[in-house]
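The next block holds one structure in the form of structure tokens; read it before the comments.
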Amino acid sequence: MERMTSQAEWLDRAKAVLPGGGFGNFDPNVFIREGRGSRVWDEDGNEYVDYLIGSGPMLLGHGHPEVLEAVLEQLPRGQTFFANNALGVELAEDICAAMPCGEHLRYVSSGSEADMYAMRLARAFTGRDKIVKFEGGYHGMSAEAQMSLAPIKQVNFPQAIPDSAGIPQSVADEMLIAPFNDPDYIRSLLAEYEGQVAGIIVEPLQRIIPPEPGFLELLRTEADKYGIVLIFDEVVTGFRFAYGGAQELYGVTPDICTLGKVIGGGFPLAAIVGRTDIMAHFDKAQVGADGWLMQLGTLSGNPVAAIAGIKSLEILRRDGQYDRLRGLGNRVQDMIRSELDPTGIAYRIVGDPTLFEVVFTGSNPRSYRDVLAGDASLGKHWNDALRAHGVFKSPGKTYPSLALTEADMALTEAAIQAAAKAVVDAG
Ligand SMILES: Cc1ncc(COP(=O)(O)O)c(C=O)c1O
């Protein structure tokens, strides 16, 4: 049956019950009614090619028939048990086999939690307090992660600036903020704080900024030198950049990594994965009460998410999936280049073919501050025109999915042509 309520009416209703009229995630004016394959439809009936894909999880597209079939098989057998279940073990086996750092795994329900526990785990393992985080790096919503993600003012490194109200100064005092892709800074920071740093947490590709050659290798070497736990946040890159994530693509293995998004096939599931001696701190029997990191969660390892993850990973293991994903991303990037190059407008496509964004700048961004220096107003014209012409994406990222079809490519090309024109008209 057709639902007649429009987006404007839904927004009124949302404002009555939700702060800011939304869930906090995305433009609250948009209400997605349905997603199928590569497309989504809003409550006004507008259809889009989806490059948001649920902020990453729907790599196979919405409602992939094989994933749905697996989930529908599980549902009548129960949604969640809190107790161990075979599907959760099977998925853990698949993930540990896939990830170069994968020895043991602990489930949680969101990437935020996974990152929070990963940092705590580094502290439990080393007995030290300080965590190095990179400016602009996103690791969810814990107090530690909410340091210098999008700082309201630029201060000298390594001072941490909270992004959120409600975080005590004591948390900021234990965080050391560094610029991404700056080897000299990292070397001197770690030398200065020798014996105090528990962990380094990093997105191997920070938001959209690729690591410069040697940077991740340097983090590996320096972490080893000082006995620091190296944490790769692979919530985005895991099972997207390659089956074994960014650690496989870049050939640098962290001590632990965090995963989310793709591994739950669109259901709430995330994980901390890594070396057994570090992961042992989740097990009181191995480390004793003093070294133990208490961790539990109502939905952890729930069988519906687990079976969706198992099936998604099985599909991703099939021949050619990652070549195809990269191929699709490269095609979209080529479309952007062929429209923007002739305009003479300064821009860069920043990222990886599996995840990227157009930044209107004349130089290659190496760090958060470089991206910030891009022309945000041109970026807004670009994104608004894409949306108006049927491309649905976040303002900061373009996520190709494996569900994209030739018809989607044609629509994307037309939208990019319109967006390039909008940028020229605005410039
Ligand atoms: C790199 C990274 N880490 C952590 C998170 C947090 O994950 P979640 O939204 O599942 O809490 C995100 C979410 O987008 C992310 O991009």
Side-chain angles (χ1 to χ4, degrees), residues 22-27 51-59 95 99 101 106-122 131-150 163-164 175 180 199-211 216 219 230-241 245-247 249-250 254 256-274 295 297-302 305-306 308-309 312 350-352 354-357 368 371 393-399 401:
F23 305 152
N25 287 339
F26 196 74
D27 178 353
Y51 289 94
L52 177 62
I53 55 168
S55 191
M58 307 318 296
L59 178 58
I95 293 172
M99 290 293 142
C101 76
R106 174 56 63 97
Y107 288 120
V108 289
S109 296
S110 71
S112 276
E113 285 175 87
D115 286 334
M116 176 188 79
Y117 287 121
M119 288 185 261
R120 193 176 294 170
L121 195 56
I131 301 284
V132 172
K133 176 193 176 289
F134 294 92
E135 187 181 45
Y138 184 50
H139 307 293
M141 291 291 131
S142 70
E144 286 95 338
Q146 287 285 290
M147 291 292 160
S148 302
L149 161 63
D163 298 290
S164 168
M175 298 299 290
F180 192 61
I200 301 172
I201 188 163
V202 63
E203 293 181 85
L205 174 141
Q206 183 175 290
R207 306 282 73 208
I208 51 172
I209 310 162
L216 297 177
L219 296 184
L230 180 60
I231 306 163
F232 277 7
D233 179 341
E234 294 234 39
V235 170
V236 164
T237 53
F239 296 98
R240 165 168 287 276
F241 275 29
Q247 50 197 284
L249 183 74
Y250 296 130
I256 52 179
C257 75
T258 54
L259 296 168
K261 304 203 190 259
V262 173
I263 63 164
F267 294 88
L269 190 90
I272 305 111
V273 182
Q295 192 287 318
T298 301
L299 292 176
S300 299
N302 81 85
S312 298
V350 189
D352 181 85
T354 66
L355 136 66
F356 55 88
E357 190 52 63
Y368 167 76
V371 173
K393 66 184 280 295
S394 94
K397 268 187 190 171
T398 312
Y399 274 124
S401 81

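Residue numbers run from 1 in the order of the sequence given. Order of appearance sets the numbers: ligands from 1, and atoms from 1 within every ligand.
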Pick one of side chain, backbone, both or neither for how Met141 approaches ligand 1, counting any non-hydrogen atom pair under 4.0 Å. neither
[X] heavy atoms, cut-off 4.0 Å: which ligand 1 atoms fall inside?
X: Gly140; result: 4 (C), 6 (C)
X: Ser112; result: 6 (C), 7 (O), 8 (P), 11 (O)
X: Gly111; result: 6 (C), 7 (O), 8 (P), 10 (O), 11 (O)
X: Asp115; result: 3 (N), 4 (C)
X: Asp233; result: 1 (C), 2 (C), 3 (N), 4 (C)

Using 0.5 Å steps for rounding, measure from the [atom1] atom of [X] to the [atom2] atom of [Y].
X: Lys393; Y: Phe26; atom1: NZ; atom2: CZ; answer: 9.0 Å
X: Lys133; Y: Ile201; atom1: NZ; atom2: CD1; answer: 8.5 Å
X: Ile95; Y: Leu269; atom1: CD1; atom2: CG; answer: 6.5 Å

Checking the side chain of [X] only, and the main-chain atoms of [Y] only, is there a donor and an acceptor separated by less than 3.5 Å?
X: Lys397; Y: Ile208; answer: no
X: Ser112; Y: Met141; answer: yes
X: Glu203; Y: Val235; answer: no

Do Arg207 and Glu357 meet the salt-bridge criterion of a basic N to acidic O distance under 4.0 Å? no
Can you find an N/O atom of Val235 closer than 3.5 Å to an N/O atom of ligand 1? no
Is there a polar contact, in the sense of an N or O pair closer than 3.5 Å, between His139 and ligand 1? no
Which residue and atom name correspond to the protein heavy atom nearest atom 14 (O) of ligand 1, and how close is it? Lys261 NZ, 2.7 Å
protein heavy-atom neighbour closest to atom 12 (C) of ligand 1 works out as Tyr138 CE2, 3.4 Å
Which one of Glu234, Glu203, Glu113, Arg207 has a non-hydrogen atom at the shortest distance from atom 16 (O) of ligand 1? Arg207
Below 4.0 angstrom, counting only protein heavy atoms, does anything approach atom 9 (O) of ligand 1? no
Test item: Phe232 and Leu216 side chains (from C-beta on) under 4.5 Å apart, heavy atoms: yes
